[in-house]
Amino acid sequence: MERKVILEYFLSEQQKMIKSLARRIAEEKILPVRAELDESEEFPWTIMNDLADSDMFRVFIPEEYDGLGGGCLELCLVIEELSRVCAGIAISYAASALGSVTLLEYGSEEQKRKYLPDIASGKKLTAFALTEATAGSDASAIKTTANRENGGYVINGTKQFITNGGEAEIYTVVALTAKERGARGASIFLVEKGASGFSFGKKEKKMGIRASSTRELIFRNCLVPEENMIGREGMGFIMTMKLLDRSRPGVGAQAVGLAQGALEAAVDYARQRIQFGHPIISFQAVQHMLANMAIEVEAARSLVYAVARTVDSRARNFTEESAMAKVFASDVAMRVTTDAVQIFGGAGYMRDYPIEKMMRDAKIIQIYEGTNQVLRDAIAFELRKRKAMRE
Ligand SMILES: Cc1cc2nc3c(=O)[nH]c(=O)nc-3n(C[C@H](O)[C@H](O)[C@H](O)COP(=O)(O)OP(=O)(O)OC[C@H]3O[C@@H](n4cnc5c(N)ncnc54)[C@H](O)[C@@H]3O)c2cc1C
């Protein structure tokens, strides 16, 4: 089904070109392999190479480091189109952008020159490592330490659930440089695959986004040179919060694309499935489900694009809006994919159709990069602050 353009999103010619190229790659390269990669849980290297050949990793990198100079909106457009076909492959691409944001925002000129051109060309994937077994929603509970020694920092600890773990070449790792300083005690380091004392542990077997890699990172006396610290010592948590504010619209875009793909599949199926002598799309109960799905997808897209544009405007504080885009779009993706399975009936429950995979893929979007409960807390916190300021 070709999506009729309902709303004018005022995309530039370049943005439209990026979006349509991403759609072409998704349909020509991802569609034929998505079921197979979901089943085999194999990392989508061929697709990553196709994306690299089409300059898709350049989209979010500034021109001076061999990028195309796009921002959050351009990145969202690519993630949305890839996720429309496979959210698991899309996240492997998106995680490389996530692993690059701190470097882009806070890296030194030398660090940027060293790492960004290889990220832009797609030669090297990146990953962002914050979560640990005892520190999920409560990121401040991390235990990984980075102690100053021998002209560098020695990292010890284990990171859990890291997207692109084992496949990426460059890891942005949050570790405590001064435990006793609480929120001011963390710093961020670039650690390269192959560094002595850095290895990979358990590879997770997941419910959804199974083509992506989610793995443990193990640091045992891993010495990283001083120049691999990003930004200033002690600013790790502040940089992390800012990074997540910037990346959450991308997670929202993953949800929008996934929901769009499920909506299209449901409309196609409802048109051709005959019961009681009629296509099931002629039944009002089905029509209303489809109408609600379409309303929600478009509303989520509007919010995600608006927040992405706000990020690109270099606004100072968009914590609340960024959380809203992620929460709303991921709740929409969960509802829309669940309803799409319902419209497919028993067939929707079978692996012969892509729809059960879409429902499995949707669930994680409500969980990672801040669970929707924790992000609702963050939105409420901003609202309470605003009320207090009025008083
Ligand atoms: C597939 C996958 C990929 C991931 N990729 C990455 C990655 O690349 N890098 C990375 O650093 N991390 C990554 N993560 C980690 C992810 O961000 C965390 O799983 C997520 O933040 C939730 O943490 P948790 O799993 O420890 O859940 P918990 O924090 O243990 O939460 C469990 C439940 O309690 C609720 N809860 C917790 N605290 C509160 C509260 N204060 N108020 C209300 N409810 C609360 C949560 O909402 C949730 O429902 C990934 C996780 C998965 C599953």
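Computed over heavy atoms, backbone and side chain alike; hydrogens, waters and symmetry mates excluded. Remember, it's 1-based here, ligands and their atoms both numbered in the order they're listed. One is the number of the first residue; the rest follow in order along the sequence.
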Engineer: Under 4.0 Å from atom 17 (O) of ligand 1, do we find at least one protein heavy atom?
Structural biologist: yes
Engineer: Output the list of atoms in ligand 1 that are nearer than 4.0 Å to some heavy atom of Ile162, sorted by atom number.
Structural biologist: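 It comes down to these atoms of ligand 1: 7 (C), 8 (O), 9 (N), 10 (C), 11 (O).
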Engineer: What atoms of ligand 1 come within less than 4.0 Å of a heavy atom belonging to Lys206?
Structural biologist: 1 (C)
Engineer: Within ligand 1, which atoms have a heavy atom of Glu369 less than 4.0 Å away?
Structural biologist: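 Those of ligand 1 that fall under 4.0 Å from Glu369 are 17 (O).
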Engineer: Under the side-chain hydrogen bond (donor to acceptor under 3.5 Å, both in side chains) criterion, do Glu110 and Tyr115 qualify, and how do the steps go?
Structural biologist: CA-CA 9 Å; Glu110 203 183 341; Tyr115 293 106; over 6 Å; no
Engineer: Answer yes if a protein heavy atom lies under 4.0 Å from atom 10 (C) of ligand 1, otherwise answer no.
Structural biologist: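 It does; a protein heavy atom is within 4.0 Å.
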Engineer: By the definition ring pair (Phe, Tyr, Trp, His ring centres under 6.0 Å), identify the one residue from Phe189, Phe219, Phe198 that meets it with Tyr171.
Structural biologist: Phe198
Engineer: With heavy-atom distances below 4.0 Å as the criterion, list the atoms of ligand 1 near Gln373.
Structural biologist: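 Checking each atom against Gln373, I get 44 (N), 47 (O), 49 (O).
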Engineer: Please identify which atoms of ligand 1 are closer than 4.0 Å to at least one heavy atom of Ser137.
Structural biologist: 23 (O), 28 (P), 29 (O), 31 (O), 37 (C), 38 (N)
Engineer: Evaluate the ring planes of Phe57 and Tyr93, with Trp represented by its six-membered ring, and classify them as parallel (under 30°), tilted (30 to 60°) or perpendicular (over 60°).
Structural biologist: tilted
Engineer: Where the side chain of Glu8 meets the backbone of Phe10, is there a donor-acceptor pair that is under 3.5 Å apart?
Structural biologist: yes
Engineer: Hey, which of Glu216, Glu132, Lys202 is the one that makes side chain to side chain contact (heavy atoms under 4.5 Å, CB included) with Thr158?
Structural biologist: Glu216
Engineer: Relative to atom 5 (N) of ligand 1, which among Ile209, Thr163, Ile364 owns the nearest non-hydrogen atom?
Structural biologist: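 Looking at heavy atoms only, the winner is Thr163.
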Engineer: Check each atom of ligand 1 against the heavy atoms of Ile367 and keep those under 4.0 Å away; list them by number with element.
Structural biologist: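 Every atom of ligand 1 under 4.0 Å from some heavy atom of Ile367: 20 (C).
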